[in-house]
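First up is the structure itself, then whatever we jot down about it.
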Amino acid sequence: MDIDIKSKFMPPHAHIKDKGDSMQKICVIGLGYIGLPTALLFANHGYEVIGVDVDIKRVETINKGKLPFDEPGLQALLTEAKNFQTFVASTKPEHADVFIIAVPTPLNKETRLADLHYVIAASESIAPHIKRGNTVIIESTVPPGTIEKCVIPILEGKKNGKYNTLKANKEILVAHCPERAIPGNTLSEMIHNDRIIGGIDALSAIRGKEIYQNFVKGEIHTTSLKVAEMVKLMENTSRDINIALANEFAEIADEAGIDIWEAIELANKHPRVNILKPGPGVGGHCIAVDPWFLTENTTKSRIINLSREINDGMPVYVLQQVKDMLKEVPYPDKKITVFGVAYKGNIDDTRETPALKFILLAEKEGYDVKIYDPHVMNGQFEHPLDPLPTAVQDSDCIVVLTDHREFADLPVKEIHSLMRTNNIFDARNCLDHKKWDETGFKVRVLGKN
Ligand code: SAJ
C-alpha cells in the first residue's frame, strides 16, 4: 500500500532512523511477560521508552535494574537500556508518540467472558495524554470487535467527555499487534516470528508495521483490526484443540494398552499430520483462556468448548491413574510428591497451571501432597514447595506434571531410599523410565498402560 505516513499526521521528528532526529518516545502500559520485553526491545532499538505498571513494587524493582520474573536474555536488555538511559519504569503514563497497551485479559471463570477491566483502565490512563498524530497499539489479546467497541471510544474521549475528542483514523492511529512469543523463548520469538498488525485503517496498520520493523526480523503482515483479533485467538485455539485430541488419544490408548507416544511419533511421520503431546492439562495465560474469547459471542462453537472440557479434565484423569496405581499401597495416609508446578517445562510461570487443580483434587481425596519444582520459588505458587529430599521423604508416589529438564537427571537411588513406597507416574513422558524401573520403582506413564 502506498501511503505517505510522514506527510499525514507524523510530527517532524517521526522518522527516527534519520541521523540527527530526536528520539521518538514510546509509552508501554503493562510491564509483564510481554510488556517488559517489548518495552526493552524498543529501548534498545532507537526509542526512548517509559514503561508503566500499576504495581509500584514491580516498578521499583525494574528501576533498580532487576527483573520481576525470569526470561532468557532479558536482564542484558534491561541493563543496556538503563546504561543508555533509554528506559524508565513509572506508575503513571505520560505524553509519547506511541502508546502500547500490553496488559492481561483474564477470563472471568464464572461467566467465561473476557475480563476487559485492565484493557479499559489502561485505555483510560493514556487517553488524557494522547495528542493528534499519536499511534496507539493494543498488544493484549481481546475478543473480536473489542478494540472498535470498547477501546477506541475511550481513546476518542467519548466515554466521559473529559478530553477533547480526537477521531481515530483521522487524528489518532490505532492498531492491534497481538503478541506471539512463547515464555522461555520470548525475545527470540519477538524478534524472529512473523507478526500480524491490524489497523483501524490501512495507515494505522502501516504505521504499526513501521514501528515494529525496528526490531522484528520476521515478516509483518497488515490487515484490519477485527481480522488481527480473530487470528490471535485462532492460533491459540487450534493449539488447544490439537492438545485435546492428543489427550483423547492418550485415554483411548490407555484403555487399549497401546503406547500413545510411539503412535503419535509414527503418525507424525505423515507429511500432513502434526499431533501435539498429551499431558496433565493445559496451563498458561493464553491457551487455557483464549478459546473462550472466541465462544463468548457465538452459538456456533462446539469443538472449541469440548476441547476445553477435555483439557480441563486431564488433572482428574491423571489422579484416577495415580489412585489406581496406589491401590495396593497398604498405608491409609497415602503421600504424593508432585514434580513440577510450572505450567510447562523450564519456566517459573505457574499461571493457570493444571498442577494446581491436580493438587487440590488429590488433597480433597485425602492424599498428603508435597511439591518439588526446581524453577519455582516458595511464594510464587499457592502451595508451599520443598527441597527435593524433604519433598520425597516417606512419599508413596512421585507424579511428574511438568517436563523440566532437571527431571531427566535426578539422583534416582537417593530418591528411592527416601521414599516409603516406590511409585512414579510420569504424565509428561519426560523421564528415563528404564533407569527408574531398574532402581526398583513401579513406573507408569500417561498414555502408555
Ligand atoms: N502443552 C501440552 N502438549 C503440547 C504442547 C503444550 O500439553 O504438545 C501444554 C503445555 O504444557 C502448557 C500449555 O499446553 O501447559 C500451553 O503451553 P504452550 O507451550 O503450548 O503455549 P504458551 O501458552 O506458553 O504460549 C502460547 C503460544 N501460542 C501458540 O503456540 C499458538 C505463544 O506463541 C503465544 O504467544 C502465547 O500462547 C500467548 O501469549 O498467546
Side-chain angles (χ1 to χ4, degrees), residues 30 32-38 69 71 102-107 114 139-143 176-196 218 228-251 260-261 264-265 267-268 273-294 307-308 310-315 317-318 340-358 373 375 400-404 407 426-430 446-447:
Y33 292 87
I34 298 301
L36 184 58
T38 304
F69 53 86
E71 185 57 49
V103 294
T105 19
L107 179 74
E139 280 226 18
S140 307
T141 306
V142 289
H176 181 38
C177 183
E179 56 91 3
R180 278 181 149 180
I182 204 138
N185 197 27
T186 298
L187 291 176
S188 166
E189 292 217 347
M190 279 184 171
I191 293 167
H192 297 289
N193 288 357
D194 281 16
R195 293 294 286 252
I196 309 297
E229 289 168 326
M230 182 81 177
V231 166
K232 164 72 193 202
L233 297 175
M234 284 164 53
E235 289 165 6
N236 282 351
T237 302
S238 75
R239 198 158 167 86
D240 196 43
I241 293 171
N242 191 330
I243 297 167
L245 184 63
N247 283 331
E248 186 163 304
F249 285 158
E251 293 192 29
I260 199 58
W261 302 89
I264 289 176
E265 196 184 327
N268 285 349
V273 173
N274 181 25
I275 303 162
L276 290 171
K277 293 183 196 144
V282 167
H285 49 303
C286 301
I287 297 200
V289 167
D290 294 356
W292 295 119
F293 295 2
L294 269 183
S307 301
R308 283 279 70 246
I310 292 170
N311 289 336
D312 279 349
M314 287 314 288
Y317 182 73
V318 171
V341 288
Y343 81 86
K344 63 178 185 179
N346 309 318
I347 58 168
D348 66 352
D349 191 339
T350 61
R351 287 175 296 169
E352 307 296 327
T353 177
L356 179 61
K357 189 165 179 186
F358 176 86
D373 191 309
H375 288 261
V400 181
L401 296 181
T402 308
D403 47 351
H404 288 315
F407 296 158
D426 183 358
R428 294 283 187 179
N429 193 28
C430 65
L446 174 72

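Read the numbers this way: they start at 1 and go in the same order the structure lists the ligands and their atoms. For this chain, numbers begin at 1 and follow the sequence in order.
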Can you tell me the protein heavy atom closest to [atom] and the distance?
atom                    : result
atom 8 (O) of ligand 1  : Lys277 N, 2.7 Å
atom 39 (O) of ligand 1 : Glu179 OE2, 2.3 Å
atom 16 (C) of ligand 1 : Gly283 O, 3.6 Å
atom 24 (O) of ligand 1 : Tyr343 OH, 2.5 Å

Could you tell me whether a side-chain N or O of [X] sits under 3.5 Å from a main-chain N or O of [Y], the two making a donor and an acceptor?
X      : Y      : answer
Asn247 : Gly279 : yes
His404 : Asn346 : yes
Trp261 : Pro278 : no
Asp290 : Asp240 : no
Glu71  : Asn185 : yes
Thr105 : Thr141 : yes
Arg428 : Leu401 : yes

Where ligand 1 meets [X] - atom numbers and elements under 4.0 angstrom, heavy-atom basis:
X      : value
Asn236 : 26 (C), 27 (C), 28 (N), 29 (C), 31 (C), 37 (O), 38 (C), 40 (O)
Val282 : 13 (C), 14 (O), 15 (O)
Lys232 : 35 (O), 38 (C), 39 (O), 40 (O)
Ile182 : 19 (O), 21 (O), 24 (O), 25 (O), 27 (C)
Pro183 : 24 (O)
Ile287 : 20 (O), 21 (O), 23 (O), 26 (C)

Answer yes or no: does an N/O atom from [X] fall short of 3.5 Å to an N/O atom of ligand 1?
X      : result
Arg428 : yes
Arg239 : yes
Cys286 : no
Ala181 : yes
Glu235 : no

Once you round to the nearest 0.5 Å, how far does [atom1] of [X] lie from [atom2] of [Y]?
X      : Y      : atom1 : atom2 : answer
Arg351 : His285 : CZ    : NE2   : 4.5 Å
Glu139 : Arg195 : CD    : CZ    : 4.5 Å
Asn236 : Ile241 : CG    : CD1   : 11.0 Å

For a side chain to side chain contact (heavy atoms under 4.5 Å, CB included) with Tyr343, tell me which candidate from Val282, Asp349, Thr350 qualifies.
->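 It is Asp349; the other options fail the test.
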Ignoring hydrogens, just give me the one of Ile243, Leu276, Leu401 whose non-hydrogen atom is nearest atom 7 (O) of ligand 1.
-> Ile243
Check: of Lys344, Glu189, Arg180, min heavy-atom distance to atom 19 (O) of ligand 1 comes from Lys344
